[in-house]
Structure formats: structure tokens, C-alpha cells
S.K.: 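The structure follows.
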Amino acid sequence: MTADDTLHSRIQDARRRFERAGIEPVEAAIDADVLARHALGGWERGQLLAGLRDACPPGFAEGFDPLVRRREHREPTGYITGHREFWNIEIEVGPGVLIPRPETELLVEEVLARLSASESAAARAAANLQPVLSERRVKSRAEGPRLRIADVGTGSGCLAVALARWLPGAHIVATDMSDAALRMARRNAARHEVGDRVLVLQGNLLQSTDGLFDVIVSNPPYVPAGDLASLQPEIREFEPVGALDGGQDGLDVIRLLVPEAAERLVPGGWLMFEFGFGQSEGVRAIIANEPRLDLVDVRADLAGIPRVAVARRRAPDPESRVPSPEPRNPDLMSCLFCRIIAGEVPAKTIYEDDVLVAFHDINPQAPVHVLVVPRRHIPTLNDLGPEDDPLIGTMLRRAATLAHELGIGARGYRTVFNCNREAGQTVYHIHLHVLGGRPMRWPPG
Ligand code: 5GP
Ligand code: ZN
């Protein structure tokens, strides 16, 4: 065996070629390693280290050389291998989809930190900070408080998937405009077994989503248009311009995102997003301009560059707040249902009159799942007075009529009032669930 035939010599050779192609030495070394392990069929780093002085396995050069050539032409390593590590999980990537960056992991870190320190029961329950083990599929927790997260411009789905894996109680809506991104985000959610809690929707910002969120995250396009041409070739020539181009000063998308997120957060809810080098003053100004949000923090990356904005939705003014005897769950006490009734939050309404509104549940627990909601704000069943007896009668009779209209009346359906947290109430405005379209078991759900 000559020295030329060892893995080590081949990898060294690739490394020198990468450096000659203009790749930074540290990156050249890492990439040569990663591509060699890929050519070897997915060897672990330790396995490669142990085998470096051995002769190349048969066929190695034939597999490795084309990969080296692609990298020499400055194709990003992620596209060559088809995946990229993000927050300890393997994210599939490909043409048309931005490759996850280490900076974006700061967003995951920040969401987990804010939620675990939160006073909200829903957030704490969701954030028990147990990674979801792939062998042990965690069923969605219909019975517990549900944390709603939106990931705007999800791309590969890296943020949505990482958050879903770490927050077994969270439901995540991930949006993107690009078909390639939507396909990839769905694949990544399925691959990591969180497809039942990550809903991937096509749309601009939050326009295709509905309801309020506890957390909104985003890694928006933020490169100033004039800088696109001077980006390194890996990005300029290979990555999707739609995921990069942030308009003249790079802040166009952030300018739209901030007010839209303010509109769609529960009081106390979090908006966290990434931005680029030199943009922190601009970002501060945009958030300062939004009266419903407070800038809580700006996080810097490992190089000390400010990168992530952390903003929080203010509580409404005391005068405008709907009175409630005992706020149990401050982060979720926005009275979502009052807002739906007022038409401020969209919902699929199927019936309304002077007393009641009925609409489809956003997270249906059965093929038919309608909520019958009184117009008057009454937080829980415990807050009913004797004057409300007719109201409860009206709600039940309306449920029966709707069940028949929805085609579930004859075969059977269930009506449920949840009262208080331990019974699963997460929206503190009384409502009757009408569930049907399949045989019902106890406990409800
Ligand atoms: P609870 O858990 O309080 O008994 O029921 C509240 C219900 O409201 C849940 O089933 C939940 O899925 C539903 N819900 C939460 N947010 C929204 C929303 O934005 N729109 C609609 N239509 N339903 C929602
Ligand atoms: Zn209400």
C-alpha cells in the first residue's frame, strides 16, 4: 500500500483543492471530512478518525471525487450530501431550500429558554424540555393546554421541526411561499415524526394561518438587495434568492412581519426573529414603532454580532380588558373567543345569532368539531349565575340542531363543557364542544 491510498491522503488532497478554490481553510478541512464520511456511506466522525491511516475501501475514490469536484465549484456541502445538522437533528436540504445556519439555532435556544421561564402553564407544560425520542412517538396532547407556535418562512422546516421535537405539547404552523420549501418542510417533519403537530401551509407571512399564537419565530430574508451579488458563491449561485432578498435595506420582510405578528400574538406572547449584520438599529426602530410589542432582548451570535430580536406582546390596557374574576393563565387570557366573535380573529363560522356563535375548532379532535360559544364573556362554568340557565339550554339545543345539520345527529355525537385547567380548559370563555363523525370513547378527545 502506498501512502496515496490512505483515506488520510485523499482527504488532505481534497482539502488542498478546496483551499485553492477559495474556501477558508477551516471550512475546507471540515468539508473534506464531511464529504469523505458521506462517500463512505455515512461513517461517524470517530470511525473515520480510527480509519484514517487505512487503505481506502474499494470504490472510495470513485465515490469521493465527484463530490470533491462539486464542492470545488463552490456548491454548498449541504446540497452535496442532501442534509445538514441543525440543533442535533439531521435536516434534509436540497436545491430551492435555504441550508440551515448555526445562527438560526440561537432562535431555538431562545424559544426554549423563554418558554421554560414562562409563567404560563401551557408554555411550561409544553416545554418540559424533553426531546421527543424517535422510538417513542409522543401523541399530541389533546387533553392538556396546547401551545401554538408559528414559524414564518420555514424553508427546510428546521425551526419548526426542532421546536416540535423539543416541545411535545406544541402545535406548530409553518408557512412558506416556495413549493420546494413546503415539500421539504413536510418531509423533514415526517422524517422526525412530528408531522401530526407541524402543519405546513403555503402563504405569505401569517396570511394563510388562523387564530392567535403563543410564539412566532422567523428566519426571514434579510440580505440587502444590493449585497446579493457580492455574497460568497455558495450562496449567490446555489441558494434560493427568495429566501435571502430582503429588499433595499434588507428589512422589507421584517417591516411587514412585526405588525402582523403583533396582531396575532396572545398578550405576553413572544416574537423572535433573526436579522443580519448591521441591522440591529433598524430592527430596534421597527419594533419601537409597534406599540403592541416591547423589545425584550437582542441576542448576539458566537462572533458577537447581534442576530436575534426577542419581542413580547404587551397586555391590553386595563380599560379595554374584559373583566375576569381570577386570571388563571395570564399568557392565554387574551379571550380569544371574544376576539373571534368580534371578527378580529378569523374562524370558520357556521352559525350566529344574538346570543351565540358557532365555529369549527382550529385543532379538530374529531372529523366534526364545532364550538358553540356565547357572545357574552363568561370565563368558566363556575362563573355562571342563575340568570344563565336559559343560556345553557340554548347552547345545548343549538348543538343538537347543528349536529343534525352537520350530518352527525343520527349516528351519535358528544357535547362537552370543559371547566378549568385540570379539565382541559385553555380558553377561558365558556364554550360547548360538539364532536362527532366517528365512534366516541371516554376520555373525550
Ligand atoms: P378548551 O381547550 O378551552 O376546552 O377549548 C378551546 C378550543 O378552542 C380548543 O379545542 C382549541 O383547539 C380551540 N381553538 C384554539 N384557538 C383557536 C382558534 O384560533 N380558532 C378556532 N376556531 N379554535 C381555536
Ligand atoms: Zn371572552
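One-based numbering, in listed order, for ligands and for the atoms of each. Values reported hereafter were calculated over all heavy atoms of this structure, with side chains retained and with hydrogens, waters and symmetry mates removed.
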S.K.: If you measure every N/O of Gly424 against every N/O of ligand 1, is any gap under 3.5 Å?
M.R.: yes
S.K.: Within ligand 1, which atoms have a heavy atom of Asn363 less than 4.0 Å away?
M.R.: 12 (O)
S.K.: Do Thr209 and Arg264 pair up side chain to side chain, a donor and an acceptor below 3.5 Å, judged on atom types alone?
M.R.: yes
S.K.: Say whether Val427, considering both its backbone and side-chain N or O atoms, lies within less than 3.5 Å of an N or O atom on ligand 1.
M.R.: yes
S.K.: Within the distance-only criterion (no hydrogens, no angle test), does the side chain of Arg236 pair as donor or acceptor with the backbone N or O of Leu231 below 3.5 angstrom?
M.R.: yes
S.K.: May I ask whether Val416 has any heavy atom positioned less than 4.0 angstrom from an atom of ligand 1?
M.R.: no
S.K.: Does any donor atom in the side chain of Asp227 or Ser230 lie under 3.5 Å from an acceptor atom in the other side chain?
M.R.: no
S.K.: Could you tell me which residues satisfy side chain to side chain donor-acceptor pair (under 3.5 Å) with Asp297, sequence neighbours excluded, listed by chain and number?
M.R.: Arg114
S.K.: Answer with side chain, backbone, both or neither: which part of Asn418 has a heavy atom less than 4.0 angstrom from an atom of ligand 1?
M.R.: side chain
S.K.: Please state which part of His433 comes within less than 4.0 Å of ligand 1, counting heavy atoms only: side chain, backbone, both or neither.
M.R.: side chain
S.K.: Looking only at N/O atoms, are Asp361 and ligand 1 under 3.5 Å apart anywhere?
M.R.: yes
S.K.: Give the atom numbers and elements of ligand 1 that come within less than 4.0 Å of a heavy atom of Leu336.
M.R.: 15 (C), 16 (N), 17 (C), 18 (C), 19 (O)
S.K.: Report yes or no: does a heavy atom of Phe337 sit under 4.0 Å from some atom of ligand 1?
M.R.: yes
S.K.: Just jot down the ligand 1 atoms closer than 4.0 angstrom to any heavy atom of Ile340, in number order.
M.R.: 20 (N)
S.K.: For the backbone of Arg312 and the side chain of Arg314, can you confirm whether one donor and one acceptor N or O come within less than 3.5 Å of each other?
M.R.: no
S.K.: With atom 1 (P) of ligand 1 as the reference point, say which of His360, His429, His431 has the nearest heavy atom.
M.R.: His431
S.K.: Do Asp31 and Thr77 have a side chain donor and acceptor closer than 3.5 Å?
M.R.: yes
S.K.: Compute the minimum heavy-atom distance from Lys348 to ligand 1 and say whether it is under 4.0 Å.
M.R.: no
S.K.: Looking only at side-chain N and O atoms, does Gln202 offer a donor or acceptor that is under 3.5 Å from a partner on Asp179?
M.R.: yes
S.K.: Could you list all the ring pair (Phe, Tyr, Trp, His ring centres under 6.0 Å) pairs where at least one residue sits in residues 343-364, not counting sequence neighbours?
M.R.: Phe337-Phe359
S.K.: For the backbone of Ala185 and the side chain of Asn188, can you confirm whether one donor and one acceptor N or O come within less than 3.5 Å of each other?
M.R.: no
S.K.: Please work out whether any backbone atom (N, CA, C, O) or any side-chain heavy atom from C-beta onward of Phe359 is under 4.0 Å from ligand 1, and answer side chain, backbone, both or neither.
M.R.: side chain
